[in-house]
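Okay, structure first, notes after.
As the structure is a computational prediction, the values presented were derived from the model and not from experiment. Proteins come first, then strands; the chains are lettered A, B, ... in the order of their sequence lines, and each starts at number 1.
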2 protein chains.
Amino acid sequence: MADALTDDDVDRLFHALADATRRDILSRTMRADQSITALSRGYDMSFAAVQKHVTVLADAGLVSKERRGRERLVRAVPARVRRARELLSRYESLWRERAAGIEAILAADDSVRGTARST
Amino acid sequence: MADALTDDDVDRLFHALADATRRDILSRTMRADQSITALSRGYDMSFAAVQKHVTVLADAGLVSKERRGRERLVRAVPARVRRARELLSRYESLWRERAAGIEAILAADDSVRGTARST
DNA sequence: CTAATATTCAACCAAATGGTTGTATATGAC
DNA sequence: GTCATATACAACCATTTGGTTGAATATTAG
């Protein structure tokens, strides 16, 4: 994916994942494309509620809706999930860089102290 | 980390990440522990607002607050970020499993067709 | 053409959210 | 001991969210 994600894009992405129903919809559509009606059978809420969740996922780019006659098939967009995962990996990188910085300082310190001790 | 995350834990985790200010706080505290006052200098909002964001991150387990005299140092919890990343990796795995299933079916289909053609 | 099915969206409601202001408490500096 | 600084939290407000109900539209089946 060529385009960078804006802060709003990322807001939507993680917001879409911040709900158990939406995560379940994502799981199911990762396994197989499904219509909204088929999806809604799996949840104890109104059709409109499931429809809203699908819309949130679509706005976040995590799924797309493809028309098949009167049905819309909800199709997962794995590339977007990978994108979210990459964002999190970057936060982890920040930590590793910080840890690496600390080790470098300690290594320098040990060298100085080693020299001092050999006196 | 030994404990599994509940759906509510995961809700909080991704909800905490669904805001640009909180993601920035996470970035900064990944690089260095900081007091809330120090953090709040970087945002154009009231101290209480930043305080609230830090609380959301803490409730999600992404940071901890460690007391240093009158200050609280906000410390990132990289293990939690890794956890969120692992959750996303699992969704990606679902897709790969699906793709692998499709390839297996196609391979079997090709074998049958190959045999038929050799007649 | 009509009926059934699938989907979209508006309007509504209660709860949650993000930000502000102000008060209270705890700790450190002097 | 007082003052300054740092933090926590309540109360408030506007907006957003998650769910419901109902009406409208599009497509398929008969």
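- For A/Asp59 and D/dG18, the CG to P distance is 12 Å, given to the nearest whole Å.
- For the salt bridge (Lys or Arg N to Asp or Glu O under 4.0 Å) condition, no pair includes a residue of residues 52-70 of chain A, sequence neighbours left out.
- Rounding to the nearest 0.5 Å gives a distance of 8.0 Å between CD1 of B/Ile25 and CG of B/Asp19.
- Clustering of Ile, Leu, Val, Met, Phe, Trp and Tyr by side-chain heavy atoms under 4.5 Å joins B/Val56 with none of the others.
- In terms of the side chain to side chain donor-acceptor pair (under 3.5 Å) criterion, A/Glu86 has no residue partners (sequence neighbours excluded).
- Residues meeting the side chain to side chain donor-acceptor pair (under 3.5 Å) test with B/Asp33, sequence neighbours left out: A/Arg98, B/Arg75.
- Atom NE2 in B/His53 sits roughly 17 Å away from atom P in D/dC9 (whole-Å rounding).
- For B/Ser89, there are no side chain to side chain donor-acceptor pair (under 3.5 Å) partners, not counting sequence neighbours.
- Rounded to whole angstrom, the span from the CZ atom of B/Arg72 across to the C1' atom of D/dT5 amounts to 14 Å.
- Under 4.0 Å is where a charged nitrogen must lie from a carboxylate oxygen, and between B/Arg12 and B/Asp8 no such pair does.
- Partners of A/Arg96 according to the side chain to side chain donor-acceptor pair (under 3.5 Å) rule, which considers only residues two or more places apart in sequence or in another chain, are A/Ser93.
- Contact check of residues 30-40 of chain B against DNA chain D (heavy atom, cut-off under 4.0 Å) returns B/Ser35, B/Ile36, B/Thr37.
- Candidate nucleotides D/dT7, D/dG22, C/dG19 were compared by shortest atom distance to the side chain of A/Ala48, and D/dG22 ranks first.
- Note: CE (A/Met45) to C1' (D/dG18) measures 8 Å, nearest angstrom.
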Under 3.5 Å, which protein N or O atoms sit close to an N or O of nucleotides 12-15 of chain C? Give each pair with its distance.
none

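- Look at OH on B/Tyr43: it is 14 Å from P on C/dT20, rounded to the nearest Å.
- B/Leu73 places its CG atom 12 Å from the C1' atom of D/dA6, with the value rounded to the nearest Å.
- For the segment residues 7-22 of chain B, no residue has any heavy atom less than 4.0 angstrom from an atom of DNA chain D.
- Residue B/Leu106 shares its hydrophobic cluster (ILVMFWY side chains chained together at separations under 4.5 Å) with B/Ile102.
- Under the salt bridge (charged side-chain N to carboxylate O under 4.0 Å, His left out) criterion, B/Arg85 pairs with A/Glu92, not counting sequence neighbours.
- Atom CG of residue A/Leu17 and atom CG of residue B/Leu17 lie 9.5 Å apart, to the nearest 0.5 angstrom.
- When the nucleotides D/dG19, D/dT20, C/dT20 are ranked by their closest atom to the side chain of B/Ser46, C/dT20 comes out on top.
- Here the side chain of B/Arg80 pairs a donor or acceptor atom with the backbone of B/Ala60 at under 3.5 angstrom.
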(request) Any chance you could list the contact pattern along nucleotides 25-30 of chain D? Use B for base contacts, S for sugar-phosphate-only contacts and - for none, protein heavy atoms under 4.0 Å, 5' to 3'. (result) -SBB--
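- Inter-residue side-chain proximity for A/Val54 and A/Thr29 is flagged as unmet; no heavy-atom pair is nearer than 4.5 Å.
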